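Have a look at the structure below before the remarks.
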Amino acid sequence: DVKVTQSSRYLVKRTGEKVFLECVQDMDHENMFWYRQDPGLGLRLIYFSYDVKMKEKGDIPEGYSVSREKKERFSLILESASTNQTSMYLCASSLLGWEQYFGPGTRLTVT
Amino acid sequence: GQQVMQIPQYQHVQEGEDFTTYCNSSTTLSNIQWYKQRPGGHPVFLIQLVKSGEVKKQKRLTFQFGEAKKNSSLHITATQTTDVGTYFCAVDSGGSNYKLTFGKGTLLTVNP
């Protein structure tokens, strides 16, 4: 079975802090994705990566950056956390055009 | 990018009743995927439809892709409490980079 793990289920940070969210997949997938999920807004793509060191902006990249130094690991970075970044963050991976496998999510609260 | 409208936003049914959610696009889709997210869980892939007019079944779930490949539906026959969750459709955002655009989802609640 494909397994996608995220570093934390719950995280509380203060405004202005730098926040790292880590995601690891064990199926050698090329593509990895970061989404945020908010009530009424569904899943919105922040960034995705289609290869090591390759990345593309999604629909809402402002305030975020990403890093993919190894194929199995994709990190989301909040350079200076703000309260409007309080959300559920979901990582996913996929093999080319096929289904996406999601991690359990990280619920981030910025106070 | 690709846009997809999903309706209804919410649906509450009595156990045993049927349920349908719809996804509509103004443009022709190359394919469409369906996901289910249980309360407190993460989205889980259900199925992918590729061909015009395609119909696929998974037990009580029936998935259809429209003839024009602009719409799709997920129908659940005789709902059970285990069907509770949010159902999302997702479409290829376009280009060759395998991004998906998700519908906003339909939250299904089932009264036992």
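The structure presented is a predicted model; accordingly, all values stated were derived computationally and were not measured. A, B, ... follow the sequence lines: proteins, then strands. Residue 1 opens every chain.
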Problem - Hydrophobic cluster identity match, A:I60 and A:L76, side-chain contacts under 4.5 Å - result: yes
Exercise for the section: Consider only side-chain heavy atoms of I, L, V, M, F, W and Y, link residues closer than 4.5 Å, and tell whether A:L90 and A:I46 are in one cluster. Expected result: no
Fill in the blank from the handout: Ranking B:G40, B:A90, B:P43, B:G41 by heavy-atom pairs under 4.5 Å to chain A gives rank one to B:P43
Handout entry: Atom pair NE2/CE of B:H42 and A:M88 - distance to nearest 0.5 Å
Key = 11.0 Å
Handout entry: Interatomic distance, B:L100 atom CG to A:L45 atom CG [nearest 0.5 angstrom]
Key = 9.0 Å
Problem - Per-residue contact mode, A:E30 against chain B (heavy atom under 4.5 angstrom) - result: neither
Donor-acceptor pairs under 3.5 Å, side chain of residues 102-112 of chain B to any protein atom, not counting sequence neighbours: which ones?
from, atom 1, to, atom 2, distance (Å)
B:T106, OG1, B:P8, O, 2.5
B:T106, OG1, B:T21, OG1, 2.8
B:T109, OG1, B:H12, ND1, 2.7
B:N111, ND2, B:Q14, OE1, 2.8

Practice task
Under 4.5 Å heavy-atom distance to chain A, tell me which part of B:Q37 shows up: side chain, backbone, both or neither.
Solution key: side chain
Practice task
Against chain B, work out which of A:S94, A:G105, A:G103 has the most heavy-atom pairs shorter than 4.5 Å and name it.
Solution key: A:G103
Handout entry: Neighbour count above 12 (heavy atom, 6.0 Å) for A:R107 CZ
Key = no
Handout entry: Within one Ile-Leu-Val-Met-Phe-Trp-Tyr cluster: B:F65 and B:L46, side-chain cutoff 4.5 Å
Key = yes
Handout entry: Contact class of A:L43 relative to chain B, heavy atoms under 4.5 angstrom
Key = both
Completion exercise
What one should report as the nearest heavy-atom pair of A:Q100 and B:Y35 is N-OH, 2.9 Å
Handout entry: Over all atoms of both residues, closest heavy-atom pair of A:F48 and B:K99
Key = CE2-CD, 3.0 Å
Exercise for the section: Tell me whether B:I47 is reachable from B:L29 by hopping between hydrophobic residues (I, L, V, M, F, W, Y) whose side-chain heavy atoms are closer than 4.5 Å. Expected result: yes
Exercise for the section: May I ask whether A:Y64 and A:M32 are part of the same hydrophobic cluster, defined by side-chain heavy atoms of I, L, V, M, F, W, Y residues being less than 4.5 angstrom apart, directly or through others? Expected result: yes
